2 protein chains.
Amino acid sequence: MAKDRKIDLVILGLLSHEDLTGYDIKKQIDSAISFFWKGSFGSIYPALGEMEKGGLVKRRKSGNTGGREKIIYQITKTGMDTLKTWLNDEKATNDLKYETLLKMYFGGVEDRNVTIRNIEIFEKQVREDLKLLKFYKENLEKVLDQETHVHYYLTVLFGIETYEAYLRWCKKAMKMILQ
Amino acid sequence: MAKDRKIDLVILGLLSHEDLTGYDIKKQIDSAISFFWKGSFGSIYPALGEMEKGGLVKRRKSGNTGGREKIIYQITKTGMDTLKTWLNDEKATNDLKYETLLKMYFGGVEDRNVTIRNIEIFEKQVREDLKLLKFYKENLEKVLDQETHVHYYLTVLFGIETYEAYLRWCKKAMKMILQ
DNA sequence: GTGCGATATATCACTTTGATATATATCATT
DNA sequence: AATGATATATATCAAAGTGATATATCGCAC
């Protein structure tokens, strides 16, 4: 596997659940894991190509009836080993870039109304996302007996816990700015 | 300014507080804002060069007594306007990549001990960082009358609020995994 | 039948990272 | 005063990732 390519692990992880096309992988990244990870076509397709060369994934016999191309990928034994090695590796980088906080930190050059507005924008987005996370949580609680769902549930709980913390901060921050 | 270069705003923000060298900028990124932003020399130096060409920053007359090179940058009027325009722009991208959560989501392919270990590693780091954040908070509370410090304080409060949420999640997650 | 959104792969310019190279300054130890 | 370690300081590069765009087909509503 490439030295520093995180997208490889995301792809391997998703393929460990089921066979997928590049497009399917993008859809799953944008739904299930979007609260803590991002990924674009521009990294997915080249990665799939190189991972195939490296023997981490392989093309499944495609049941193409028509002329439309569609490549369904499957994880290999080597790919599964790579995924497990990564899971057992102690180092994990949590890379956070909050543009909202940059705007807080540098807000002093403008009127306080600007900072207030920026907190309001952040709060609105957080409320919307939190609503969605709670909806996921409720649905997951119906199927929590299955192993895979427990792991999904853990990430949703993480989202809820942090998003509620964001809202508490919004309240405190607003109060501070308004004296 | 370059279309999509966030580092420009970080540099302009820091220079709005005081004149700095590229090396100083890196130090400030690694200390004051490291909890919510990162930046490397490989982006800082090229950005400074292009921003100088674009008239956003300028070299201050350097008081070089010896032969050692040292370039001190200063924000220009245009640079200040660019910073203010960004602060007033409603869109802000908060880009989060938690490798720890990826390992939670894909943890199902390994024994639960692996997931437990990964939560423990995360928790240990969070406890250390939280201690530091609380230390910053105490020190800041002594100088909160000054404008700039209020904005710094807001970001520290954010860090404390979210890191405490991380710890609550660790407890819940651990309990869930152990049934 | 035609317009539109979803499916599907691919590529590219630009941004950022993380590592490395180069050189000087400062300071403690020998 | 020589040595070595650490901090200061700028610069560059391969590799990774983003966001946009190009291309084409499929399925469905009107």
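The structure presented is a predicted model; accordingly, all values stated were derived computationally and were not measured.
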Next item on the list: Output all residues satisfying side-chain hydrogen bond (donor to acceptor under 3.5 Å, both in side chains) with E90(B), sequence neighbours left out; order by chain, then residue number.
Entry: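 Scan of E90(B) (side-chain hydrogen bond (donor to acceptor under 3.5 Å, both in side chains), adjacent residues dropped) gives R117(A).
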Look at the side-chain N and O atoms of [X] and state whether any lies under 4.0 Å from the OP1 or OP2 oxygen of [N].
X      : N      : result
T21(A) : dT9(C) : yes
Y45(A) : dT9(C) : yes
K27(A) : dT7(C) : yes
Y23(A) : dT7(C) : yes

What is the separation between atom [atom1] on [X] and atom [atom2] on [N], rounded to the nearest whole Å?
X      : N       : atom1 : atom2 : result
R59(B) : dA9(D)  : CZ    : P     : 15 Å
L48(B) : dT16(C) : CG    : P     : 13 Å
D95(A) : dT17(C) : CG    : P     : 8 Å
K91(A) : dG18(C) : NZ    : P     : 12 Å
E50(A) : dT9(C)  : CD    : C1'   : 16 Å
I71(B) : dT8(D)  : CD1   : P     : 17 Å
I25(B) : dA11(D) : CD1   : P     : 12 Å
L9(B)  : dT15(C) : CG    : P     : 13 Å

Note to self: For a side-chain hydrogen bond (donor to acceptor under 3.5 Å, both in side chains) check, start with the C-alpha distance between T115(A) and N118(A), then their side-chain angles and the critical distance, and finish with the verdict.
What the structure shows: CA-CA 5 Å; T115(A) 298; N118(A) 284 326; 5.6 Å; no
Should the pair [X]-[Y] be classified as a salt bridge under the 4.0 Å nitrogen-to-oxygen rule?
X       : Y       : value
K171(A) : E161(B) : no
E141(B) : K137(B) : yes
E123(B) : R127(B) : yes

Checklist line | Stretch residues 29-42 of chain A: residues that reach within less than 4.0 Å of DNA chain C through a heavy atom | finding: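 By residue number: F41(A), G42(A).
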Next item on the list: With heavy atoms under 4.0 Å as the rule, sort K97(A) into base, sugar-phosphate or nothing.
Entry: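 Sugar-phosphate contact only - K97(A) comes under 4.0 Å of backbone atoms but never of a base.
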Note to self: Students often get this wrong, so: under 4.0 angstrom with heavy atoms, is K26(B) touching a base, only sugar-phosphate, or nothing?
What the structure shows: nothing
Checklist line | Residue among R59(A), K70(A), R60(A) satisfying salt bridge (charged side-chain N to carboxylate O under 4.0 Å, His left out) with D19(A) | finding: R60(A)
Note to self: Pick the closest DNA chain C nucleotide for D24(A) and for D4(A) by heavy atoms, then say which residue is nearer the 5' end.
What the structure shows: D24(A)
Note to self: Surrounding NZ of K172(A) (heavy atoms of other residues, nucleotides or ligands, distance under 6.0 Å), is the total greater than 12?
What the structure shows: no
Note to self: For G22(B) and I44(A), find the nucleotide of DNA chain D closest to each by heavy atoms; which residue's nucleotide sits nearer the 5' end?
What the structure shows: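 On the 5' side of the pair lies G22(B).
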Next item on the list: Using heavy atoms to find the nearest nucleotide of DNA chain D for I7(A) and S43(B) separately, return the residue whose nucleotide is more 5′.
Entry: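 The answer here is S43(B).
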